[in-house]
Number of protein chains: 2
Amino acid sequence: MTQHNFHPEQNHLLRALPAEVQTRLFPHLKLFPLPLGKVLYESGDTMNHVYFPIDSIVSLLYVMLNGASAEISVVGKEGLVGVSLFMGGESTPSRAIVQSAGHAWQLSGARLKEEFNRHGDLLFLMLRYTQSLITQMAQTAVCNRHHAIDQQLCRWLLLSLDRLSGNQLTMTQELIANMLGVRREGVTEAASKLQKLGVIEYSRGKITVLDRPTLESLSCECYAVVRRETDRLLSYPVGPVLSPTFTA
Amino acid sequence: MTQHNFHPEQNHLLRALPAEVQTRLFPHLKLFPLPLGKVLYESGDTMNHVYFPIDSIVSLLYVMLNGASAEISVVGKEGLVGVSLFMGGESTPSRAIVQSAGHAWQLSGARLKEEFNRHGDLLFLMLRYTQSLITQMAQTAVCNRHHAIDQQLCRWLLLSLDRLSGNQLTMTQELIANMLGVRREGVTEAASKLQKLGVIEYSRGKITVLDRPTLESLSCECYAVVRRETDRLLSYPVGPVLSPTFTA
DNA sequence: ATATGTCTGTGCGATAGCGAACATAACCAC
DNA sequence: GTGGTTATGTTCGCTATCGCACAGACATAT
């Protein structure tokens, strides 16, 4: 539990960077604790830092005027929070809120941009990651339109599990409902079905996945699409994304 | 109706580029007719070109395994089709389909990337535009979850109108239903309400907006959010997006 | 051990949207 | 014109989800 257990490379993006970039960047990273419910940025806030989660999950959550909410995408150890910093907008109309407590590496926007101006691997890697985020958002839109709560819960559990290690989540049904943008009772019903099937087990904010294969089979196709696309986009460690055409 | 009426600067992104970049890029643009229903790329296709619409609208449409569909975002004269080409993924799990016939300027991926490798204004402009697309997708996800068909139809009409000129759309209710991911009958009902209110007028695939202010007031907040954010992100003509921090 | 708050389960009636089947109405080709 | 096709309108029963209200179960502090 001491900070000595943490290392930048526990975040997949940081790990994927070539040694040269790591050497420049890592000294500027600050370990940052993320307690449950902490808001990393609010809708419209000008961002000053990006965060690379390690053992935490951060939700990008959209909150409507009437208070209703829906999750746009999830970020864990595979990604970073704050893409609009380098996309150029500096802010975005959603909230980044810690959904599963843990830690992240914090990097100042200025450092990030400095490295960006070298126009190298970091830029390309970030863009690719952003595309995987885009896929997640698109899929969320479709899923919200067409799939039943039961299926969406499965998708959500799987996405969250992938972003942590282990098979346990600390998460009340109320919170899940906020993320999915549905009633708490809807989640209760769906979860209790899964428990009866022996797929999950839960009690007072702790959810354990017992049978992941079945969970996958009960999920809508959305999980698989996001998973496959994320793997595709982020598997090649780094490599200048734009170059293939030029080597021809 | 001759091609002589078209000019690259009718597309807002192309217009926003500094003269120097325009000079390099414009000679490589090819005018490309976009008939209704034309598919610019299919889910998973490797893209070879990007398209800058002028007087057409292209929908990014997600089609599920069972054939149901939902629109992820809309692209018109303010944007371009094919962001995954420069985001690094080269493909994306959605279809780009022409929703309103017209024309676009076509540019080869290789040319685009060549200009990208100069790491200048084009890159930053494209990233900003991509962020506005992200906003649109996120908002679509929320809207799909929380808003009634009536409101969504208003949002959709407004978004589409903004991407064309004039107050008329050529679009059957069946097609709109595909975009919104709802039943055709649902659109019929919503549209007939609007017609009774004198907000729109339609007949066999032609829709005319008579009272835009009322249409805006009947729409959910989603239209305004997307509109505002798009304006914000793309109003600054070009300017190196990342630089402010460095000039300090 | 008791009290208090949090989490989960359940049971209503209400409703928006679905799926299917069918009716009308406009346009087009010949 | 006539007949065929495409677009729109209407109805009806069905289901998932909602909104609300409340009950039990568990956890923790005092």
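Convention: sequence-line order gives letters A, B, ...; per-chain numbering from 1.
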- Within residues 138-159 of chain B, residues whose heavy atoms come under 4.0 Å of DNA chain D: none
- Residue set satisfying salt bridge (charged side-chain N to carboxylate O under 4.0 Å, His left out) with Glu189(A), at least two apart, ordered chain then number -> none
- Sort and list the pairs that fulfil ring pair (Phe, Tyr, Trp, His ring centres under 6.0 Å) and have at least one residue in residues 129-180 of chain B, not counting sequence neighbours. none
- If you look at every heavy atom in Leu85(B) and Asn48(B), which pair is closest and at what distance? CD1-C, 4.0 Å
- Under the salt bridge (charged side-chain N to carboxylate O under 4.0 Å, His left out) rule, collect the residues that match up with Glu229(B), sequence neighbours excluded. Arg232(B)
- Residues passing the salt bridge (charged side-chain N to carboxylate O under 4.0 Å, His left out) test with Arg227(B), sequence neighbours excluded, are Asp162(B), Asp231(B)
- Rounded to 10°, the angle between the first-five-pair and last-five-pair axes of the helix from dA1(C)-dT30(D) to dC30(C)-dG1(D) is 30°
- Does anything in residues 173-201 of chain B reach DNA chain C, meaning a heavy atom under 4.0 Å, and if so which residues? Val182(B), Arg183(B), Glu185(B)
Distance-only donor-acceptor pairs under 3.5 Å for side chains of residues 39-47 of chain B, two or more places apart:
from, atom 1, to, atom 2, distance (Å)
Glu42(B), OE1, Arg95(B), NE, 3.3
Glu42(B), OE2, Arg95(B), NE, 2.8
Glu42(B), OE2, Arg95(B), NH2, 3.2
Asp45(B), OD2, Glu42(B), N, 3.1

- Determine whether Cys143(A) and Cys220(A) make a side-chain contact, defined as any pair of heavy atoms from C-beta on separated by less than 4.5 Å. yes
- Query: Heavy atoms, side chains only, cut-off 4.5 Å: are Ile54(A) and His7(A) in contact?
  - Reply: no
- Query: By ring-ring contact (aromatic ring centres under 6.0 Å, His included), which residues pair with Tyr51(A), not counting sequence neighbours?
  - Reply: Phe32(A)
Scan the side chains in residues 191-198 of chain B for donor-acceptor partners under 3.5 Å anywhere in the protein, sequence neighbours excluded, and list what turns up.
from, atom 1, to, atom 2, distance (Å)
Lys193(B), NZ, Asp150(B), OD2, 2.7
Gln195(B), NE2, Tyr202(B), O, 3.4

- Note on the structure: Per-nt protein contacts along nucleotides 25-30 of chain C (heavy atom under 4.0 Å; B base, S backbone sugar-phosphate only, - none) come out as BBS---
- Task: Tell me, please, which residues at least two apart from Glu221(B) pass side-chain hydrogen bond (donor to acceptor under 3.5 Å, both in side chains).
- Result: none
- Item | Separation of dT8(D) C1' from Tyr202(B) OH (nearest whole Å) | 7 Å
- Item | Donor-acceptor side-chain pairing of Thr188(B) and Arg184(B) below 3.5 angstrom | yes
